[in-house]
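Scroll down for the structure; my scribbles are underneath it.
The model shown is predicted, which means the values in this text are computed figures rather than measured ones. Throughout, protein chains are lettered first and strands after them, A, B, ... in sequence-line order, and every chain is numbered starting at 1.
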There are 2 protein chains.
Amino acid sequence: MRARGAVLTGGAPSPDNHQMTADPVPPAPARRQRPANVMDVARAAGVSHQTVSRVLNDHPSLRPGTRQRVLDAMAELDYRPNAAARALSSNRSRMIGILSTAAGEYGPASSVAAVESAARARGYSVTIANADGLSRASIDEAVDHLAALSAEGLVVVAPQTRVLETLSKRSFGIPWVTLQAVADPDSPHEGGVGSVAPVGHGRPLDQVIGARLATAHLAEAGHRRIGHITGPADWIDAAQRVRGFREELASRGLDDDLLATGDWSAASGHRAGRELIERGATAIFAGNDQMALGALAAAAEAGLEPPAELSIVGFDDVPEAAFYRPALTTVRQDFSEAGRRAVALLLGESEVAPSVEPVLIVRGSTAPPAP
Amino acid sequence: MRARGAVLTGGAPSPDNHQMTADPVPPAPARRQRPANVMDVARAAGVSHQTVSRVLNDHPSLRPGTRQRVLDAMAELDYRPNAAARALSSNRSRMIGILSTAAGEYGPASSVAAVESAARARGYSVTIANADGLSRASIDEAVDHLAALSAEGLVVVAPQTRVLETLSKRSFGIPWVTLQAVADPDSPHEGGVGSVAPVGHGRPLDQVIGARLATAHLAEAGHRRIGHITGPADWIDAAQRVRGFREELASRGLDDDLLATGDWSAASGHRAGRELIERGATAIFAGNDQMALGALAAAAEAGLEPPAELSIVGFDDVPEAAFYRPALTTVRQDFSEAGRRAVALLLGESEVAPSVEPVLIVRGSTAPPAP
DNA sequence: ACCAGTCATGTGCACGGTCACATCGCGTTC
DNA sequence: GAACGCGATGTGACCGTGCACATGACTGGT
């Protein structure tokens, strides 16, 4: 900054004055190092800095000729608005923060990409902060970081109960949305603008509906002993899928005691799958596709041949699901659409367009139970 | 901003002066809405704003007592430095940009998380910009966006030739590193600080070494007709793996004509796998695990039972690879470590610590060829 | 022809920090 | 004991932009 100032002082401001004097200033070889600012553009266009600012902000009352002259000057000088200065002056960072606790997973990663794209299209930038989701301190640090950048809104990806609790407690002025589901639609968390479920009508019941679809599919095929591999208990998505599973079984008068908990990983699905098989399940609904893959492996190890001897349904429809063997029956989620809608919701756009319905994708991993 | 200014003018600046006058200023009920700034802290601590700034920036010559008083005042007022103001004044954004073209994939997503974590630990923030990697315009937009935020450095994830070309051409002042590999170690791209391969010594040959490991493993098992499913031709990673594949085969006097191109997806691996099987391959080295999964499916459809009748090796070692059937032999990449090292390299830390060696993980998808 | 109202543009300051430089004590050195 | 150096702190300008307000030209109604 100081260096730039010095260069400027010696160089750009008044070369004309110096040209005819005996001033020992050298011929200013390295002139105009500093990027152009509104003042430079204003000078070049013969207007005031405020007019330049008006062009930048699409002010309505500007004569077309004036606007064009300014635009020409901007192009000429390769002018780029300084984001920091705008943020400072306008007190708007035009920055959206993403708070994630499962950065490596397919669903969250897809949603993050969609959020970035949607935000940039609206002139916003996106900063990410990952928390491990286990310790409150980690969550607080991530939120602090985003708050320090004056993020105007937060998109919470892969929400865990703990994250939402933390956000509610802080009751800072930043609006936020969850990307997948809220804990309880009847008691929204303070400060939360809303939630966007990956599938369905934008109501947080989508995950429930999807889980019911999967469970119903197995029940309709004739299964009576249907197990569910859940995600971690403190994940809201996991809880909602359990709820859908239970609701569907209850509506059919079936037992819902075959539950085993996983952590979204294939390894945990393998363990949980083995356990459910031992407990007599003839069909398994896994909380995501990775755990379903693990269950598939557990079935093979137990000498069961899916789908004839064990049916398995996943959740998400990751791109690989169609290439598992057998190809996985699963519930498709549109993570990208969820990301887009989260941004729309966060920025208060009048009506968030309805999204696709939850879809059950039937492939080869489900069949009627062995007789 | 205007509103906040007004509140301030009526409230905080000189309450002492007004206290004893008949000034009709009301008892200022809603006082101090605006967050505290350095001046407020300075007043509270009885020092100058500059001293506060020194505390913020860990200036050495500060009396411990003074520092403590300032820190107390900061805590008292819940002071948070304004990032925009610091960026404007110091001309340092403390922001790292991530340029990605494969945001949904496992490897890039993992690396991005690691970059975020490493950057935040050093007081940097991270902004992402995704480009589709197909159109130059999209790449330019993403880079423009990051440049407009005055990103101090760029981490290029999943680099394609086109992205590096674009970056080189622009020759703007922002240093950048690639996260995985560079096209040609002998002619680094202009402006590029270096590259970090996910495995190995931080030299761009890592991907070559990994590919050689995979290929050698198949050759040692006795295979003569070894095929390779490549990634897209314009991906640098893909090109390096092809190079390793060819080098290894050449060193053993084997043919290297069994190549088929994929796009990293399982679906493309399925197609390419079928093609290579038809062309007589007894072993396949896939450019990543997803394509290996597709090849596994193709083998099953062709009535071949891996590994006895077809050996398959993947690349990456995604968490699911151990649960494919058969469990996938693959080359492990440490994406997180790559992300950490990319940040270290970008920020010019003296010596980037050597990383893990590329590791071949032998599981159940490889065996000697059928007699 | 006059005044009000709107359009188009300019002036000055504020935003919240950091930097260069000035200042003030106090201990060292010859 | 005077000059010096350095540690600790203060002063004022400046970064690039946006807002409130002022100004002048022009338009239209009466």
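- The salt bridge (charged side-chain N to carboxylate O under 4.0 Å, His left out) search around Arg120(A) returns Glu116(A), not counting sequence neighbours.
- For the atom pair Gln160(A) CD and Thr178(A) OG1, the distance stands at 13.0 Å (nearest 0.5 Å).
- Picking from dG10(D), dG10(C), dT11(C) the nucleotide with the shortest atom distance to the side chain of Thr51(B) gives dG10(D).
- Among the nucleotides dG10(D), dG16(D), dG17(C), the one closest to any side-chain atom of Val47(B) is dG10(D).
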Arg162(A) vs Glu165(A), test: salt bridge (Lys or Arg N to Asp or Glu O under 4.0 Å). Steps then yes/no.
CA-CA 5 Å; Arg162(A) 202 164 306 186; Glu165(A) 279 174 6; 6.0 Å; no

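- Applying a 4.0 Å cut-off to non-hydrogen atoms, the residues of residues 56-76 of chain A that approach DNA chain D are Leu56(A), Asn57(A), listed by residue number.
- Among Asn57(B), Asp40(B), Leu71(B), Val47(B), the one residue that satisfies the side chain to side chain contact (heavy atoms under 4.5 Å, CB included) test with Val52(B) is Val47(B).
- For Arg63(B), there are no salt bridge (charged side-chain N to carboxylate O under 4.0 Å, His left out) partners, not counting sequence neighbours.
- One axis for each end of the helix from dA1(C)-dT30(D) to dC30(C)-dG1(D), each built from five base pairs, and the angle between them comes to 40° at 10° resolution.
- Listed by first then second residue, pairs satisfying salt bridge (Lys or Arg N to Asp or Glu O under 4.0 Å) with a partner in residues 90-101 of chain B read Arg92(B)-Glu152(B), not counting sequence neighbours.
- Picking from dT9(C), dG10(D), dG16(D) the nucleotide with the shortest atom distance to the side chain of Arg54(A) gives dT9(C).
- The closest donor-acceptor contact from the side chain of Asp132(B) to the backbone of Ser135(B) lies under 3.5 Å.
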With a 3.5 Å cut-off and sequence neighbours excluded, list the donor-acceptor pairs that the side chains of residues 72-80 of chain A form with protein atoms.
| residue | atom | partner | partner atom | Å |
| --- | --- | --- | --- | --- |
| Asp72(A) | OD1 | Gln68(A) | NE2 | 3.0 |
| Asp78(A) | OD1 | Arg80(A) | NE | 3.3 |
| Asp78(A) | OD1 | Arg80(A) | NH2 | 3.4 |

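- The side chain of Arg86(A) approaches dG18(D) more closely than any other nucleotide in the set dG18(D), dG16(D), dT9(D).
- At the phosphate of dC15(D), neither OP1 nor OP2 sits under 4.0 Å from any side-chain N or O atom of Ser89(B).
- For dG16(C), neither phosphate oxygen OP1 nor OP2 lies less than 4.0 angstrom from any side-chain nitrogen or oxygen of Asn82(B).
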